[in-house]
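Sequence positions, counted from 1, serve as the residue numbers for this chain.
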Amino acid sequence: MPVLSDVITTLDSLWPRAWAEQWDAVGLVCGDPDAEVTRVLFAVDPVQEVVDEAVAMGAQLLVTHHPLYLRGTTTVAADSFKGRVVHTLIKHGIALHVAHTNADRADPGVSDALADAVGLRVTGPLVPAPDDPTGRRGLGRLTELDAPLTLGALAELAAARLPSTAQGVRVAGDQGRQVRTVAVCGGSGDSLFAEVRAAGVDAYLTADLRHHPASEAREHSPLALLDAAHWATEWPWCQQAAAQLDAASERQGWGLRTEVSRLVTDPWTVQLPSSPSGAPN
């Protein structure tokens, strides 16, 4: 069986840490490099519920998309939720590895998984990585539908194929408008509106769209917007990542068992539709 350092070397080859944003915190958070690894759990968030799942299934490695510590800390005391996560991991011999913006920029990466989940055909990156001569890596993806759909039908497709959340999919635009080309970005994507407009696509599927950037984007052009829950747009990557590690394990004869957490760790739990009586007078 491989030891942790062997598996981490493979993960770093899939999502090199050098591809991460300078502000990001990726790589190994805790774990003994010489410990054997037989079972790996993939998840979006390193929260206690997910860690408890890793303990229950007997995993020796938890790989998450979101960092546990994005900013510096001076303590891992168990009187905070992040400290409890670290204590639980170490107590049960579970390592934690993070692939965040380095996985966003990979080929395939987070946005490829999002596009595939919705049934969109990737044609290239939205923001190509300047250090990739092949032009395949980068932030976001440009995609096409095999046949045009109305915006309403595309929204229904996204809502049906992405994991269920309280938010669902919010839409801005004419529901009857024909859509053929779509930019996608897993996770928060309203910093990329300039690149989306420059690409000339019909619609943009992402998450965490704030009022002012979304309003300004709609004023700039007839670009349609589809806003899904952050967690839901990134969860498909867990399945993709697990499959990539499975393939590497098979090549090297490791026999690893990989699992994907199906716990919904999106923080929002209920959405109440607005009442017509609440309309401004």
Side-chain angles (χ1 to χ4, degrees), residues 19 65 101 103-165 167-237 239-241:
W19 293 352
H65 182 52
T101 53
D104 290 335
R105 284 190 164 84
D107 173 36
V110 172
S111 293
D112 293 286
L114 170 59
D116 184 63
V118 180
L120 302 170
R121 178 166 51 84
V122 172
T123 59
L126 174 60
V127 185
D131 60 343
D132 177 24
T134 69
R136 296 176 59 88
R137 289 194 293 102
L139 288 177
R141 292 295 184 267
L142 299 174
T143 75
E144 291 183 350
L145 287 157
D146 289 333
L149 290 176
T150 64
L151 175 59
L154 176 60
E156 290 178 0
L157 182 66
R161 293 192 174 182
L162 291 178
S164 177
T165 61
Q167 173 181 320
V169 177
R170 300 189 299 176
V171 183
D174 178 0
Q175 299 295 287
R177 183 188 176 196
Q178 293 288 300
V179 173
R180 182 64 182 263
T181 56
V182 185
V184 302
C185 178
S188 304
D190 62 17
S191 65
L192 301 178
F193 271 130
E195 290 81 1
V196 171
R197 286 194 296 270
V201 294
D202 301 320
Y204 184 31
L205 169 61
T206 187
D208 293 344
L209 291 183
R210 295 168 295 166
H211 173 86
H212 292 295
S215 175
E216 291 176 6
R218 293 286 297 149
E219 293 298 320
H220 271 292
S221 72
L223 175 71
L225 304 178
L226 296 96
D227 181 35
H230 188 121
W231 173 85
T233 64
E234 295 182 330
W235 184 83
W237 172 80
Q239 293 183 305
Q240 174 184 278

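- Without hydrogens or angle criteria, T206 side chain to G187 main chain gives a donor-acceptor distance under 3.5 Å.
- Note: R141 CZ to D116 CG = 12.5 Å, rounded to the nearest 0.5 Å.
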Under 3.5 Å, sequence neighbours excluded: what are the donor-acceptor pairs made by side chains of residues 148-160?
residue	atom	partner	partner atom	Å
T150	OG1	A153	N	3.0

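- Take H230 and apply the ring-ring contact (aromatic ring centres under 6.0 Å, His included) test, not counting sequence neighbours, and it matches H66.
- Using a 4.5 Å cut-off on side-chain heavy atoms (C-beta onward), R121 and T143 make no contact.
- A donor-acceptor pair under 3.5 Å links the side-chain atoms of D227 to the main chain of D208, judged by distance alone.
- Closest approach of W237 to G109, counting heavy atoms only: CD1-C, 4.1 Å.
- For the residue pair L162 and A232, the shortest heavy atom distance occurs at CD2-O, 3.9 Å.
- A207 and A228 get closest at one heavy-atom pair: CB-O, 3.1 Å.
- A distance-only check finds no donor-acceptor pair linking the side chain of Y204 to the backbone of L192 [under 3.5 Å].
- Residues F193 and L225 meet the side-chain proximity criterion, which asks for heavy atoms closer than 4.5 Å.
- In this structure, L223 and V201 have side chains that are in contact, with non-hydrogen atoms separated by less than 4.5 Å.
- D104 contributes atom CG, which lies 6.5 Å from atom CD of E234 (distance to the nearest 0.5 angstrom).
- Contact detail for A203 and L226: the closest heavy-atom pair is CB-CD1, 3.9 Å.
- Between P133 and D131, the shortest heavy-atom distance links the atoms CD-O, 3.4 Å.
- Checked by atom type and distance alone, the side chain of R170 pairs as donor or acceptor with a backbone atom of L209 at under 3.5 Å.
- Evaluated for a side chain to side chain contact (heavy atoms under 4.5 Å, CB included) with V184, the options L142, D112, L114 yield exactly one hit, L114.
- Taking 4.5 Å as the limit, every side-chain heavy atom of P125 sits out of range of all side-chain heavy atoms of R136.
- Of all heavy-atom pairs spanning G200 and T181, the tightest one is O-OG1, 4.3 Å.
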side-chain contact (heavy atoms from CB on, under 4.5 Å) evaluation trace for Q240 with V110 | CA-CA 8 Å; Q240 174 184 278; V110 172; over 6 Å; no
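- For residues 179-207, the pairs satisfying salt bridge (charged side-chain N to carboxylate O under 4.0 Å, His left out) are R177-D202, D190-R210, with sequence neighbours left out.
- Annotation: side chain of R105 is in contact with side chain of L139 (closest heavy-atom distance under 4.5 Å).
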